[in-house]
Amino acid sequence: MTSKALRIIREEHRALRVMLHSMQRLVDRGPALDPARYFRCLRAMLLYIDEFPERLHHPKETELLFPRVLARHPELRSAVTRLDADHARTQQAVKGLMNLLVGWELLGEERRPVFEQAFALYRASYLDHMDAEEQEILPVARKVLSADDWALLDRAFEANRDPLTGLYPAEGIYEDLFTRIANDAPMPVGVGAA
Ligand SMILES: [Fe+2]
Ligand SMILES: [Fe+2]
């Protein structure tokens, strides 16, 4: 069975892969040309990750998707335990990255390597995490979940309305944040060079 929720989960993963790639390009480039714009852009990108993937995407996997898949396919217990642990860890890690970034911005280059290392780890583990969900969980979910499960999951994931997927406009308090990212972030997320 295919569902809107499955499509949204894959689109949100794709959006986050693109965001992490764009952030890595920015981190590699460094703040030389326009530090104020550079750091503002990286902060906006981290805030996006905190507000959308961390606050909306992951909790719905942990609370709604994984338990339903496990109920019908308990063999996935160890994979789900690992992925749930990732969710708990990255939620804290993104806040830690924001602190490390502000340290680099306000205390100078001496604090750059610690941010770079933490971001590289975060990015690599996140990419592994999404690959694991797509390879180990979603194909099983497609087979074992019921129409009622999908109706609930479709409603839940449709409510995320993550503008970075390209499926929804940036609205309300997020309008300025996404305009800033679109203008200042490098390709493929935006058109800027920050
Ligand atoms: Fe996840
Ligand atoms: Fe996910």
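As a basis for the values below, the full set of heavy atoms in this structure was taken, side chains included, without hydrogen atoms, waters or symmetry mates. As the structure lists them, so they are numbered: ligands from 1, and atoms in each ligand from 1.
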Pairing of Asp148 and Arg68 as salt bridge, 4.0 angstrom limit: no

Parallel, tilted or perpendicular: rings of Tyr48 and Phe52 (30°, 60°): parallel

Heteroatom test (N, O or S) for His57 near the Fe ion (ligand 2), limit 2.8 Å: yes

Degrees at the Fe ion (ligand 1) between the NE2 atom of His87 and the NE2 atom of His129, nearest 10°: 90°

The Fe ion (ligand 2) - closest N/O/S atom in His13: NE2

Aromatic plane relationship, Phe115 with Phe119 - under 30° parallel, 30 to 60° tilted, over 60° perpendicular: parallel

N, O or S atom within Glu61 nearest to the Fe ion (ligand 2), by name: OE2

The Fe ion (ligand 2) to nearest N/O/S of His58 below 2.8 Å: no

N, O or S atom of Glu133 closer to the Fe ion (ligand 1) than 2.8 Å: yes

Short N-O contact, Glu105 and Arg43, less than 4.0 angstrom: yes

Aromatic plane relationship, His57 with Phe157 - under 30° parallel, 30 to 60° tilted, over 60° perpendicular: perpendicular

